[in-house]
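Quick note on labels: first sequence line is chain A, next is B, and so on, each numbered from 1. Both backbone and side-chain heavy atoms feed into the values below; hydrogens, waters and symmetry mates do not.
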2 protein chains.
Amino acid sequence: MSERADAVDYFVQQWAQVRPELDVTPMALIGRVSRVAVLVQAKVDAVFAEHGMQSWEFDVLATLRRAGEPYTLTPGQLDRTMMITSGTTTHRITRLEERGWVQRERDDKDRRSVRVSLTPSGLAQCDRVQEEHLANERAILEALEPDQRDSLISLMRTFALALGDRAPMEEQSPDA
Amino acid sequence: MSERADAVDYFVQQWAQVRPELDVTPMALIGRVSRVAVLVQAKVDAVFAEHGMQSWEFDVLATLRRAGEPYTLTPGQLDRTMMITSGTTTHRITRLEERGWVQRERDDKDRRSVRVSLTPSGLAQCDRVQEEHLANERAILEALEPDQRDSLISLMRTFALALGDRAPMEEQSPDA
DNA sequence: CGTGAATATCTTGACATCAAGATACAGGAG
DNA sequence: CTCCTGTATCTTGATGTCAAGATATTCACG
């Protein structure tokens with residue numbers, strides 16, 4: 001008489017019938033994290049699509065944007081922040097350069113390095129889309145009561161830390 | 001003086017400095033769901049890799065396995081359950097057929113349809129890997145206190161339902 | 001200086017995935 | 001029976017991603 005069953009409830013119940021000796025409770029959490037991530041991403045993508053862009057494009061723009069003026073990071077900083085490989089970063093920067101939203105210049109201090117910067121057009125695009133994006137995210141979270149949101153944020157934060165997620169380091173050395 | 005900051009804490013703080021007028025709290029949840037999903041997936045993948053397989057391969061095998069004997073579903077049932085497109089399903093079945101873990105036969109009742117079944121080898125592979133997979137999932141959740149796990153499961157279930165996640169329908173019509 | 005290890009980026013090749021459309025069959029209305 | 005609509009699967013072409021390695025540059029140490 002509780003609530004309706006979501007997909008994971010159904011999977012757990014199927015396992016109970018087929019292999020009752022198995023303890024599949026870990027699935028109840030891990031499976032849901034995966035499904036919720038996919039479902040949320042689909043809703044987020046929809047808003048970006050209305051603006052003719054992909055989520056990953058906004059991710060790059062927003063990462064540069066929140067770095068503050070002059071909106072410049074290296075490819076290495078980008079891939080560490082975004083949890084992608086260096087090859088993917090190269091590809092993303094090239095595509096965004098073609099759209100005129102970012103530009104590359106070699107760093108004269110360290111000539112191995114590259115400085116990726118938001119162009120005025122990229123900055124404008126980021127700011128233009130962001131409000132609608134945030135409104136969309138707020139709408140998605142309307143599904144939860146405010147105290148549920150707070151609990152969920154706190155628990156997911158604990159989980160993230162336990163999984164080794166950490167604030168990206170500043171350029172300086174960590175201690176003293 | 002609270003806990004250490006995870007990556008999302010850092011992003012939120014960056015936004016506060018660069019665009020203080022923006023309310024980015026939705027990110028605190030949606031961003032973490034995405035990052036946690038990626039981090040968890042990496043740990044899950046590692047165990048499958050030890051057995052020479054991909055996560056998506058196990059997903060297909062497990063979906064057939066928990067359907068119960070004769071471990072048979074149609075491609076359509078598979079893609080609805082796994083949240084993938086029909087083209088991806090075709091591709092997955094073909095690859096698994098090459099490995100000898102599933103087989104295809106046309107359905108004689110409805111000749112548009114195909115029956116995908118676990119082979120004895122596929123069944124064995126699924127059962128062989130599953131225990132280690134579940135142990136791995138349990139280890140991942142060790143990071144949380146038991147009551148935190150329960151809260152998180154409950155909240156994620158509410159979230160999943162709010163996002164429209166539902167138990168896949170049985171073959172029969174929904175009512176009476 | 002010169003040499004080797006470390007670092008930063010890019011290249012290459014493979015691959016899973018998707019969107020859109022093609023193909024084949026089913027089932028009902030006339 | 002015929003046609004038309006809906007369903008089930010597969011095909012095609014594009015794309016984003018990764019792993020592994022290639023290239024260029026820096027830096028420490030002798």
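- Nearest nucleotide to the A:Thr90 side chain, out of C:dC10, C:dA26, D:dT26: C:dC10.
- Residue A:Pro75 is the one, among A:Pro75 and B:Lys109, whose nearest nucleotide of DNA chain C lies closer to the 5' end (criterion: closest heavy atom).
- At the heavy-atom level, A:Thr74 lies under 4.0 Å from the strands shown only through sugar-phosphate atoms.
- Closest to the side chain of B:Trp56, from the set D:dT25, D:dT9, C:dA16, is C:dA16.
- OP1 or OP2 of C:dC15 has not a single side-chain nitrogen or oxygen of B:Arg95 nearer than 4.0 Å.
- Evaluation of the salt bridge (Lys or Arg N to Asp or Glu O under 4.0 Å) rule for A:Asp127 yields A:Arg65, B:Arg19 as partners, not counting sequence neighbours.
- For B:Ser113 and D:dT7, the shortest distance from a side-chain N or O to OP1 or OP2 is not below 4.0 Å.
- Here D:dT17 is the nucleotide among D:dT17, C:dC18, D:dT26 with the atom lying nearest to any side-chain atom of A:Arg92.
- Looking at A:Arg112, its side chain comes within 3.5 Å of the base of C:dT7 through a donor and an acceptor atom.
- Across the protein-nucleic acid pair, A:Asp45 atom CG and D:dG16 atom P stand 12 Å apart, rounded to whole Å.
- Both tests pass for A:Arg66 against the ring of B:Phe11: distance under 6.0 Å to the centre and angle within 45° of the axis.
- The side chain of B:Thr88 places no N or O atom within less than 4.0 Å of a non-bridging phosphate oxygen (OP1 or OP2) of C:dA16.
- Nearest to the side chain of A:Val114, among C:dA8, C:dC10, D:dG6, sits C:dC10.
- At least one side-chain nitrogen or oxygen of B:Arg104 sits closer than 4.0 Å to the OP1 or OP2 atom of D:dC10.
- Between the C1' atom of C:dC10 and the CZ atom of A:Arg111 lies a distance of 16 Å, rounded to the nearest Å.
- We find that CG of B:Leu73 is positioned 15 Å from C1' of D:dA8, with the value rounded to whole Å.
- When heavy atoms are screened at a 4.0 angstrom cut-off, B:Gly87 is found touching base atoms of the nucleic acid.
- Each of D:dT9, D:dG16, C:dT17 was ranked by its minimum atom distance to the side chain of A:His91; first place goes to D:dG16.
- Across C:dA26, D:dT9, D:dA19, the shortest atom-to-atom separation from the side chain of A:Thr85 is found for D:dA19.
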